[in-house]
Amino acid sequence: MPKFLRKLANRAHFVRPEWLEDDDAPADAFGSFLTRDGALSFWAIDEDESNLGRVIAALAAGRDYIDKLDYALVEKSVFDIAGVVLRRVEGVSPDGGANQLWHQDLEGLSGKRLLMLAVNMRECRLERTPKKRVQDLILRSIDDGFISRARMNGKLRDKIEAVLRERSNG
């Protein structure tokens, strides 16, 4: 069954404290749910996760800096429980192909539905890609022609270009 990736502010925010009731979610988790027009961005991940690295690179290349990337891998059943639907919408990352192939918006979110989503996401696979691995994934996506440096933020582009210069001189 395919999974859907949601970038998180911090995966630790989804760990359930002992005192939390079963039908509730940690308040800090909502920092990862900045909605726009009742929608939240997700990325479809192939069953064999063969596109996971590319999606992580696409997300990370849209930042101002290179840093770790926390994310959750969510089963589609979590969306069904929350009563929301996924719709393919082109993303805005520096990887145009990934934007078209895998980006989707979770639509129809209300406060109650967002709470249901957060409660059910506590059981999802929570992962962290370390900073060095994020950098390597971005560089590989650039080398493979997936990420356009022209579409990257200036600060990150400068950092990546410095790494590329070091790599070519080393």
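Only this structure's heavy atoms are used, side chains among them; waters, hydrogens and symmetry mates stay out.
At distances below 3.5 Å, at least one donor-acceptor pair connects side-chain atoms of Ser168 with backbone N or O atoms of Arg165. The closest donor-acceptor contact from the side chain of His103 to the backbone of Trp43 lies at 3.5 Å or more, if one exists at all. A donor-acceptor pair under 3.5 Å is formed between the side chain of Arg6 and the backbone N or O of Ser41. No donor-acceptor pair closer than 3.5 Å links the side chain of Thr35 to the backbone N or O of Gly38.
For Asp143, the CG atom is densely surrounded, since the number of other residues' heavy atoms within 6.0 Å is greater than 12.
When each of Asn51, Val74, Leu59 is checked for a side chain to side chain contact (heavy atoms under 4.5 Å, CB included) with Leu5, only Leu59 meets the rule.
Classification of Arg140 and Asp136 as a salt-bridged pair fails, no side-chain N sitting under 4.0 Å from a carboxylate O. A salt bridge between Arg128 and Asp70 is present, with a side-chain N of the basic residue lying under 4.0 Å from a carboxylate O of the acidic one.
Nearest heavy-atom pair, Pro26 versus Val15, reported as atom, atom and distance to 0.1 Å: CG-O, 3.7 Å. When every heavy atom of Arg16 is checked against every heavy atom of Glu21, the shortest pair comes out as NH2-C, 3.5 Å. Counting all heavy atoms, side chain and backbone alike, Val84 lies closest to Gly108 at CG1-O, 3.6 Å. Ala9 and Gly31 get closest at one heavy-atom pair: CB-O, 4.2 Å.
By the rule that hydrophobic residues join a cluster once side-chain heavy atoms approach within less than 4.5 Å of another member, Val78 and Leu126 end up as members of one cluster. Hydrophobic cluster membership differs between Phe42 and Val89, with clusters built from Ile, Leu, Val, Met, Phe, Trp and Tyr side chains linked at under 4.5 angstrom. Grouping the Ile, Leu, Val, Met, Phe, Trp and Tyr side chains by contacts below 4.5 angstrom, directly or via other members, places Leu156 with Val134. Linking ILVMFWY residues whenever their side-chain heavy atoms come closer than 4.5 Å, directly or via other members, leaves Leu86 and Met116 in distinct clusters. Both Phe4 and Leu8 belong to a single network of hydrophobic side chains, linked directly or stepwise wherever heavy atoms of I, L, V, M, F, W or Y lie under 4.5 Å apart.
In this model, no donor atom of one side chain and acceptor atom of the other lie less than 3.5 Å apart for Asp95 and Ser93. Counting only N and O atoms by type, the side chains of His13 and Ser32 include no donor and acceptor under 3.5 Å apart.
Sorted by first and then second residue, the side-chain hydrogen bond (donor to acceptor under 3.5 Å, both in side chains) pairs with a member in residues 145-161 read Asp64-Asn153; sequence neighbours excluded.
Trp102 is not listed as a side-chain neighbour of Ile45, based on a closest heavy-atom distance of 4.5 Å or more. Residues Asp28 and Asn10 form no side-chain contact, since every pair of their non-hydrogen atoms from C-beta on lies 4.5 Å or further apart.
The ring of Phe33 has its center closer than 6.0 angstrom to the ring center of Phe14.
Under a cutoff of 6.0 Å and an axis angle of 45°, Arg54 and Phe146 form a cation-pi pair.
Here Asp67 contributes atom CG and Gln135 contributes atom CD; the two are 11.5 Å apart, rounded to the nearest 0.5 Å.
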Quiz item: Tyr71 and Thr129: side-chain contact (heavy atoms from CB on, under 4.5 Å), yes or no, with the steps?
Solution: CA-CA 8 Å; Tyr71 61 93; Thr129 302; 3.4 Å; yes

